[in-house]
Amino acid sequence: MSSTLLEVTRAAHEDVERLERLIVKDLQNDPPTARDRLYQSHRVRNNIDTIISTTEKLVEIYEDKDNARKDEIAALGGQTATGINVFSAFYDRLKEIREYHRKHPAARAVDANEEYEALLKEEPVVEFSGEEAFGRYLDLHELFNQYINSKFGAKIEYSAYLDVFSQPHNIPWKLKSTRQYREYMENLLEYLIYFFQRTEPLQDIDRIFSKVEAEFEEQWANGQVQGWEKQGQENEDDPAQHTVIDLDYYGTVEELMEVGPEKLKEALAALGLKTGGTVQQRAERLFLTKLTPLEKLDKKHFAKGSHGPRQNGSSAVSQDINSLKHVALMEAKMKKLCDLLSKTIEQTKENVVKKQALTYEEMEQEREEEETQVDTESDDEDQQIYNPLKLPMGWDGKPIPYWLYKLHGLGQEFKCEICGNYSYWGRRAFERHFKEWRHQHGMRCLGIPNTKNFNEITNIQEAQELWEKIRERQGVNKWRPDLEEEYEDKEGNIYNKKTYTDLQRQGLI
């Protein structure tokens with residue numbers, strides 16, 4: 001029955017309000033696992049997108065550019081070409097309703113709340129690679145291969161790459177002017193954005209990047225961008241000294257041809273040389289300037305009307321500066337995403353190091369155990385434990401029986417000063433603690449042996465007094481010359497009195 005424009009408007013408003021209540025209800029639930037939390041975020045993100053699209057349709061309806069809404073409101077008031085006839089408009093609408101129910105006699109009212117409640121249990125489809133482990137780790141293997149096979153990269157391990165990929169300021173800025181580096185940075189930024197949108201769907205990445213761009217523009221104007229300090233200003237001040245392509249990094253013409261025809265053309269134009277010909281001819285012409293100064297080059301290599309590099313160099317310089325600025329902006333965005341994903345990057349490093357010591361079978365077994373553990377934790381947390389008497393928990397995580405609680409005195413608290421005033425609940429736990437490490441450590445700090453004589457002693461002063469009595473009874477504090485008086489022979493060996501006397505009688509000393 002939503003054939004009229006006003007009914008479409010009313011239904012759209014109802015959908016928006018229902019989705020808003022659904023989002024609030026979904027966010028009130030605390031997901032038990034990281035996977036459920038990710039599903040919840042994507043559900044909320046999808047509902048927000050639906051609200052935005054529905055609201056845009058409502059804005060178009062209220063703008064009423066074709067006057068359809070205005071005509072429909074006028075028709076409800078009975079306005080026709082011949083005048084106002086309210087009863088005619090009423091009976092026309094009644095006829096339309098009866099005709100609809102005659103064609104659809106089995107039509108029934110559908111409760112939209114049931115349909116929307118089902119959305120709370122929906123598991124959105126989120127695509128992750130096996131290496132990403134459902135958003136826990138990054139998968140940078142393709143970018144790693146691109147890095148180690150480039151001129152700006154280095155031959156390092158994947159674990160080391162995870163430490164350096166977020167630090168592009170360590171790469172010389174001259175290497176960043178190549179097309180190879182620009183493509184690498186575009187691919188890296190594209191992956192990080194895609195990963196961030198999958199793991200943090202509720203974050204507004206456009207707003208984050210707008211702040212990054214505002215800060216970047218200010219830093220670039222002041223020459224304070226890390227890794228690009230004052231490069232743009234130096235190039236703008238002296239375009240003649242600007243070199244679009246640094247020839248020191250190219251040993252042959254073939255290597256220079258990999259730069260591409262457009263870059264070669266810009267470099268030749270900046271030097272005032274001819275820009276025509278094939279890629280090889282342009283590369284050969286530009287390669288001449290590596291060993292030969294411009295003043296000594298044959299005039300046939302220069303463009304007509306050109307007297308040096310300054311005449312045609314300004315436009316090429318400005319284009320190249322804009323290209324470098326674009327690369328620097330991509331670096332700034334990439335660093336911001338790395339800051340937001342710092343925890344994930346650290347987990348990825350730990351996972352890579354751990355996998356290096358495991359076989360494939362062990363890694364598969366560990367992955368299955370993690371999935372099983374997540375499912376078990378989710379099932380356990382879903383079950384609410386009924387414990388009105390606040391009984392202690394047993395080994396299975398459930399309250400112990402009440403009769404066992406009363407029989408063993410588990411509700412009674414015993415404190416031990418030697419253990420640092422640690423509390424033990426129940427007589428059995430208290431008796432067992434005398435053999436545990438905590439009590440043994442406390443006795444060792446007091447310089448008292450942990451023997452059966454000190455069972456049931458929990459006060460430090462009482463333990464020290466008992467230890468003094470035991471030492472007096474055993475005669476530990478008495479002077480025993482046979483054992484404690486020392487003698488020294490001619491060779492410097494030291495003996496107690498008893499040993500020295502025995503050896504002297506035997507004639508050994």
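- Comment: D49 engages R45 in a salt bridge, judged by a side-chain N to carboxylate O separation of less than 4.0 angstrom.
- Contact check on E60 versus K57 returns no salt bridge, with no Lys/Arg side-chain nitrogen under 4.0 Å from an Asp/Glu carboxylate oxygen.
- Interatomic distance, CG of L140 versus CG of N145, reported as 11.0 Å (0.5 Å rounding).
- Legend: residues meeting salt bridge (Lys or Arg N to Asp or Glu O under 4.0 Å) with D204, ordered by chain and number and at least two apart, are R207.
- A search for ring-ring contact (aromatic ring centres under 6.0 Å, His included) contacts involving F216 returns W220, not counting sequence neighbours.
- The side chain to side chain contact (heavy atoms under 4.5 Å, CB included) test with Y137 is passed by exactly one of V352, T348, I345: T348.
- Among residues two or more places apart in sequence or in another chain, the ring-ring contact (aromatic ring centres under 6.0 Å, His included) test is passed with F144 by Y158, Y161.
- Ion pair E217/K325 flagged as a salt bridge, since at least one NZ, NE, NH1 or NH2 atom sits closer than 4.0 Å to an Asp/Glu carboxylate oxygen.
- Although no hydrogens or angles enter the test, the distance criterion places a donor-acceptor pair under 3.5 Å between the side chain of Q40 and the main chain of N29.
- Evaluation of the ring-ring contact (aromatic ring centres under 6.0 Å, His included) rule for Y194 yields no partner, not counting sequence neighbours.
- With hydrogens and angles left out, the side-chain atoms of S129 and D139 include a donor and acceptor closer than 3.5 Å.
- Every residue two or more places apart in sequence or in another chain that forms a side-chain hydrogen bond (donor to acceptor under 3.5 Å, both in side chains) with E284 is listed here: Q280.
- Partners of N455 under the side-chain hydrogen bond (donor to acceptor under 3.5 Å, both in side chains) rule, at least two apart in sequence or in another chain, do not exist in this structure.
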